Amino acid sequence: MENLSLTYIDEYGEKCHANFVTNEYHSLMELLFDKYMQDWGDCKGRAWCGTCHIKIHSECTLDKMDITEKNTLSTILNADKTSRLACQIPLNSNLDGVVFSILKDDAV
């Protein structure tokens, strides 16, 4: 198994690193919820709530957004073209080396 890693900037502006194995979890949200952050993902990964809103800072190849994710992001005031919902991003090798920010709840 290949050990992969990513970097995220938490809601306090602190740079953190996370290690993972491809398909260890279904989504990026599940990895972060289980290992690093206990308090997000109110809708349990259904792309309804927007509490797992992140902004991608590095080049990476992610799956295309589905209509539910697009609709939820359209309701978030500070969402932009770098915005994604972590619950909709599969945990795979495309995330190796990615850098992203986790937004505060009050940004949703």
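Since the structure is predicted, the reported quantities are computational estimates derived from the model, not experimental observations.
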Check: Minimum heavy-atom separation for F20 to N92, with atom names?
Finding: CE1-O, 3.6 Å
Check: Around H57, counting heavy atoms of other residues, nucleotides and ligands shown, do more than 12 lie under 6.0 Å from its NE2?
Finding: yes
Item checked: Cluster overlap F33 with W48, hydrophobic side-chain contacts below 4.5 Å -> no
Item checked: E30 with K35: basic N within carboxylate O range, under 4.0 Å -> no
Checklist line | Single-linkage hydrophobic cluster, 4.5 Å side-chain cutoff, V98 and L62 together | finding: yes
Check: Could you give the distance from CG (L4) to CG (L91), rounded to the nearest 0.5 Å?
Finding: 8.0 Å
Margin query: With side chain to side chain contact (heavy atoms under 4.5 Å, CB included) as the test, pick out the partner of C49 among T75, T72, D42, L85.
Written below: D42
Checklist line | Considering all heavy atoms, the nearest V21-N3 contact | finding: CG2-OD1, 3.8 Å
Margin query: Walk me through whether S5 and D96 qualify under side-chain contact (heavy atoms from CB on, under 4.5 Å).
Written below: CA-CA 5 Å; S5 67; D96 190 34; 4.2 Å; yes
Next item on the list: For residues V99 and Y8, determine if any side-chain heavy atom of one lies less than 4.5 Å from a side-chain heavy atom of the other.
Entry: no
Note to self: If you compare all heavy atoms of E69 against all heavy atoms of Q88, which two are closest, and at what distance to 0.1 Å?
What the structure shows: OE1-CB, 3.3 Å
Next item on the list: Report yes or no: do T7 and H17 form a side-chain donor-acceptor pair below 3.5 Å?
Entry: yes
Check: Side chains of L6 and L28: closer than 4.5 Å at any heavy-atom pair?
Finding: yes
Next item on the list: Of all the heavy-atom pairs spanning N78 and K55, show the shortest one and how long it is.
Entry: O-NZ, 2.6 Å
Check: Rounded to the nearest 0.5 Å, what separation is found between the CZ atom of F100 and the CD1 atom of I54?
Finding: 5.0 Å
Check: Are L95 and I9 linked, directly or through other ILVMFWY residues, by side chains that come within less than 4.5 angstrom of each other?
Finding: no
Next item on the list: Taking the side chain as every heavy atom from C-beta outward, state whether I89 and S27 have any atom pair closer than 4.5 Å.
Entry: no
Notebook entry, point to check: So, for H53 and L73, which heavy atoms are closest and what is the spacing to 0.1 Å?
Noted result: CD2-CD2, 3.9 Å
Item checked: Closest contact, heavy atoms only, C87 versus C52 -> N-SG, 3.3 Å
